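These notes are about the structure you will find just below.
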Amino acid sequence: MQGTYIAALLRQSFRSASGSRAQFAIQSGTMFVQNLLFFALWIIFFRVVPSVGGWTLADIGAFHGVLNAGIGLAFFFADGARRLGAKVLTGDIDIFLARPRHPLPQLLTVQANASSLGDMAFGLFLFAAFAHLDATGLVMAAWITVTIAGLFIAVAIFFQSLAFFTAAGPSLAEELFNMILCLGTVPQNLQGMVGKFI
């Protein structure tokens with residue numbers, strides 16, 4: 001019963017985001033190109049230095065493949081996680097609290113984020129280009145992608161919940177989330193101890 005309820009929420013979320021197909025395609029495509037430009041920096045870097053800390057361009061490609069796919073998956077379906085703080089401050093959360101069902105699934109799936117589809121597509125593109133895996137490796141990669149999605153949703157909910165304690169919650173949450181996002185895009189063994197700890 002809960003599964004069909006979540007599926008209905010996701011369908012409605014997707015319909016609301018894809019109302020204007022042209023805008024949906026532009027947002028997804030723009031994010032894909034933005035990610036491509038960012039990854040071009042890694043390509044340039046690895047033309048100068050063949051490997052860093054044992055990591056090659058192929059490793060970074062596979063790493064960013066699952067990372068982008070995971071983040072895209074998370075916020076395509078649960079973009080509301082990054083808007084919770086604003087809803088708390090404006091009082092818009094009250095509508096969801098008055099309903100008989102648990103409010104969190106509804107809050108998370110209010111609207112799909114079209115640009116996150118570009119993240120997902122770029123992640124799959126990188127993964128196809130750099131990670132040459134057998135069937136077991138593909139299952140592991142899918143599991144890692146879903147785990148990354150869950151972790152980023154949890155982190156977003158945690159940070160956005162700061163709005164219950166301070167009016168600066170949403171802006172602080174976004175800054176903290178972006179910090180985690182930036183640190184998460186670099187493999188840990190290429191970071192110093194402070195980065196690893198955070």
Side-chain angles (χ1 to χ4, degrees), residues 2-20 23-24 27-28 30-32 34-35 38 63-64 66-123 143-186 188 191 194-198:
Q2 187 71 9
T4 54
Y5 171 62
I6 299 290
L9 287 174
L10 292 174
R11 276 195 304 276
Q12 180 58 37
S13 172
F14 180 73
R15 270 194 231 114
S16 66
S18 59
S20 168
Q23 183 180 0
F24 189 83
Q27 287 178 328
S28 299
T30 302
M31 183 55 73
F32 187 94
Q34 179 182 326
N35 287 332
F38 171 76
F63 173 77
H64 274 276
V66 291
L67 184 65
N68 277 69
I71 292 169
L73 180 67
F75 298 113
F76 182 71
F77 291 109
D79 191 51
R82 295 184 70 179
R83 302 177 191 187
L84 287 174
K87 284 189 178 356
V88 169
L89 287 185
T90 60
D92 291 343
I93 197 170
D94 295 347
I95 298 166
F96 297 91
L97 296 176
R99 294 177 182 168
R101 298 249 187 192
H102 195 288
L104 192 57
Q106 295 175 359
L107 285 163
L108 294 181
T109 59
V110 168
Q111 183 175 355
N113 183 338
S115 60
S116 292
L117 188 61
D119 274 327
M120 241 191 307
F122 184 72
W143 175 252
I144 291 167
T145 300
V146 171
T147 302
I148 287 169
L151 284 171
F152 273 102
I153 291 170
V155 166
I157 292 169
F158 178 77
F159 287 153
Q160 290 290 327
S161 296
L162 293 171
F164 286 108
F165 307 101
T166 173
S171 56
L172 177 60
E174 196 60 25
E175 293 301 322
L176 289 170
F177 184 82
N178 287 334
M179 179 187 69
I180 295 296
L181 194 59
C182 288
L183 289 170
T185 58
V186 178
Q188 281 199 10
Q191 298 178 22
V194 174
K196 288 179 182 178
F197 176 76
I198 292 172

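Please read all numbers here as calculations on a predicted model, not as lab measurements. Keep in mind that the numbers below use all heavy atoms, side chains included, and drop hydrogens, waters and symmetry copies.
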For residues 171-182, which side-chain N or O atoms pair as donor and acceptor with protein atoms under 3.5 Å away, sequence neighbours left out?
residue	atom	partner	partner atom	Å
S171	OG	A168	O	3.1
E174	OE2	R82	NH2	2.2
N178	ND2	E174	O	3.2

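- Between F76 and N113, the closest side-chain pair of non-hydrogen atoms is not below 4.5 Å.
- Using a 4.5 Å cut-off on side-chain heavy atoms (C-beta onward), K87 and L107 make contact.
- Within the 3.5 Å criterion, the main-chain N or O of A114 finds a donor-acceptor partner in the side chain of S28.
- Counting heavy atoms from C-beta on, the side chains of L84 and S161 never come closer than 4.5 Å.
- In this structure the side chain of F164 reaches within 4.5 angstrom of the side chain of V88, judged on heavy atoms.
- Judged as a salt bridge (charged side-chain N to carboxylate O under 4.0 Å, His left out), the pairs with a partner in residues 71-80 (not counting sequence neighbours) are, in order, D79-R83.
- Centroid-to-centroid, the aromatic rings of H64 and F38 come within less than 6.0 Å.
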Stepwise side chain to side chain contact (heavy atoms under 4.5 Å, CB included) test for F152 and L67 | CA-CA 10 Å; F152 273 102; L67 184 65; 4.0 Å; yes
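- Checking side-chain atoms of Q160 against main-chain N and O of G85 turns up a donor-acceptor pair under 3.5 Å.
- In terms of heavy-atom proximity, A78 sits nearest to I153 at CB-CD1, 3.7 Å.
- By the 4.5 Å heavy-atom criterion applied to side chains, L73 and D119 are not counted as neighbours.
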